There are 2 protein chains.
Amino acid sequence: MDNPTCSCFLLHEDIVEKAKKALPDENKLMDLADLFKVFGDSTRIKILYLLSVNEMCVCDIANLIGLSQSAISHQLRVLKQAKLVKYRREGKVVFYSLDDDHVSSIIKQGLEHINE
Amino acid sequence: MDNPTCSCFLLHEDIVEKAKKALPDENKLMDLADLFKVFGDSTRIKILYLLSVNEMCVCDIANLIGLSQSAISHQLRVLKQAKLVKYRREGKVVFYSLDDDHVSSIIKQGLEHINE
DNA sequence: TTATCATATGAACAATTGTTCATATGTAAT
DNA sequence: ATTACATATGAACAATTGTTCATATGATAA
């Protein structure tokens with residue numbers, strides 16, 4: 001009840017205590033938000049969706065999505081850092097694919113929400 | 001193979017065709033990205049997590065998270081627009097709660113990815 | 001009515017982000 | 001070696017976003 005950070009006062013201490021205990025620690029919540037941030041861009045969602053169909057090279061992805069090779073490469077970097085995609089090199093061509101089974105199921109859950 | 005949008009050429013037409021057919025239309029992908037964008041902020045994730053434990057008033061949320069009432073109110077607006085939370089009024093106090101079963105499962109999937 | 005409390009909203013500002021452009025790196029073929 | 005092609009990277013810029021501050025709205029009690 002002391003030091004309310006907002007202009008109002010703590011009203012329901014029991015509920016607040018219970019919720020405070022259930023809340024994961026700051027770092028984990030940050031990581032979680034960062035993960036969803038990666039899904040929260042239409043270019044990256046498109047890339048992930050495409051890769052859920054087939055592994056694919058940078059060039060094909062760029063042509064399918066209609067953005068520059070550079071833009072796609074930058075985004076693949078983000079996806080790689082989030083451990084959502086992996087890649088393999090074959091000569092000059094680099095093939096990307098999903099690195100994780102969760103990717104598809106997260107997208108699927110999201111679509112279910114969209115479709116009411 | 002015509003009109004490559006990037007500097008390189010379409011290499012794998014069969015795969016590209018297959019993926020193009022599987023890809024949902026532009027608007028749906030936009031909505032999907034917008035949905036995840038809402039999850040992609042630590043303040044909003046915290047709010048959603050708290051509400052998965054209990055319905056809660058704006059004031060309690062603000063105090064638990066340690067941000068101003070205004071900041072929380074702005075974010076609740078975003079969550080409301082995304083149909084992720086609903087509210088009920090009781091006198092001067094407004095209680096928010098999750099509007100959708102998917103919210104918890106999306107968060108759960110995300111956490112599973114985080115935990116490797 | 002007036003005062004008070006909980007919440008909502010608008011403007012403003014700093015910080016973050018996604019793209020393009022130019023260029024670098026890496027690989028293979030000539 | 002040199003050329004060509006696929007991909008990666010850095011700088012720059014416009015656009016978006018999250019917070020604060022100030023203020024408005026809505027509800028209850030005095």
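Below, read A as the first sequence line, B as the second, and so on, with proteins coming before strands; counting in each chain starts at 1. Note that the coordinates shown come from a computational prediction; the quantities given were computed from them, not determined experimentally. What's counted below: heavy atoms across the whole structure, side chains too, no hydrogens, waters or symmetry copies.
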Open item on the list: What verdict does the salt bridge (charged side-chain N to carboxylate O under 4.0 Å, His left out) test give for A:Glu26 and B:Lys46, after you've listed the backbone C-alpha separation in whole Å, the side-chain angles of each residue and the deciding distance to 0.1 Å?
Closed with: CA-CA 9 Å; A:Glu26 185 72 15; B:Lys46 285 176 194 167; 3.1 Å; yes

Open item on the list: Considering every strand and a 4.0 Å limit on heavy-atom distances, what is the contact class for A:Phe95: base, sugar-phosphate, or nothing?
Closed with: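 The answer is nothing, as A:Phe95 stays clear of every strand by at least 4.0 Å.
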
Open item on the list: For D:dT19, is there a stacking contact with B:His74, counting only centres under 5.5 Å and planes under 30°?
Closed with: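 B:His74 vs D:dT19: stacking no.
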
Less than 4.0 angstrom between a side-chain N/O of [X] and OP1 or OP2 of [N], yes or no?
X       : N      : answer
A:Tyr96 : D:dA8  : yes
B:Ser68 : D:dT20 : yes
B:Gln75 : D:dT19 : yes

Within [range]: residues closer than 4.0 Å to DNA chain D (heavy atoms):
range                     : result
residues 28-38 of chain B : B:Lys37
residues 85-94 of chain A : A:Lys92, A:Val93, A:Val94
residues 39-54 of chain A : none

May I have the distance from [X] (atom [atom1]) to [N] (atom [atom2]), rounded to whole angstrom?
X       : N      : atom1 : atom2 : value
B:Ile72 : C:dA8  : CD1   : C1'   : 13 Å
B:Arg77 : D:dA24 : CZ    : C1'   : 14 Å
A:Leu67 : D:dA6  : CG    : P     : 18 Å
B:Leu76 : C:dA6  : CG    : P     : 16 Å

- [ ] Please confirm whether any donor atom in the side chain of B:Ser70 sits under 3.5 Å from an acceptor in the base of D:dT19, or the reverse.
- [x]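 Side chain to base: no pair present.
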
Open item on the list: On the side chain of A:Gln69, is there an atom forming a donor-acceptor pair with the base of D:dA6 - under 3.5 Å, no angle test?
Closed with: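 Under the 3.5 Å cut-off, the side chain and the base do not form any donor-acceptor pair.
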
Please say whether more than 12 non-hydrogen atoms of neighbouring residues, nucleotides or ligands are located less than 6.0 Å from [atom1] in [X].
X        : atom1 : result
A:Lys86  : NZ    : yes
A:Lys80  : NZ    : yes
A:Lys108 : NZ    : no
A:Asp25  : CG    : yes

Task: Residues which pass ring pair (Phe, Tyr, Trp, His ring centres under 6.0 Å) with B:Phe95, listed by chain and number, not counting sequence neighbours - done: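 B:Phe95: ring pair (Phe, Tyr, Trp, His ring centres under 6.0 Å) contacts with A:His12.
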
Side-chain atoms of residues 29-41 of chain A: list all donor-acceptor pairs with protein atoms under 3.5 Å, sequence neighbours left out, distances to 0.1 Å.
from, atom 1, to, atom 2, distance (Å)
A:Asp41, OD2, A:Thr43, N, 3.1
A:Asp41, OD2, A:Arg44, N, 3.1

Task: Among C:dT9, D:dT7, D:dT19, the nucleotide that comes nearest once only the side chain of B:Ala71 is considered - done: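 My answer, after comparing the listed nucleotides, is D:dT19.
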
Open item on the list: Between B:Val53 and B:Leu64, is there shared hydrophobic-cluster membership here, with clusters defined by ILVMFWY side-chain heavy atoms closer than 4.5 Å?
Closed with: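 No, B:Val53 does not connect to B:Leu64 through the hydrophobic network.
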
Open item on the list: How close do A:His102 and A:Asp100 get, counting heavy atoms only, and between which atoms?
Closed with: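 Between these two residues, the closest heavy atoms are N-OD1, 2.6 Å.
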
TODO: For residues B:Met56 and B:Leu50, report the shortest heavy-atom separation together with the two atoms involved.
DONE: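 That would be CE-O, 3.9 Å.
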
- [ ] To the nearest 0.5 Å, tell me how far B:Ser42 OG sits from B:Ile47 CD1.
- [x]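 So the gap between those two atoms works out to 10.0 Å.
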
- [ ] For residues 57-87 of chain A, pull every pair meeting ring-ring contact (aromatic ring centres under 6.0 Å, His included), keeping only residues two or more places apart or in separate chains.
- [x]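 ring-ring contact (aromatic ring centres under 6.0 Å, His included) check on residues 57-87 of chain A returns A:Tyr87-A:Tyr96.
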
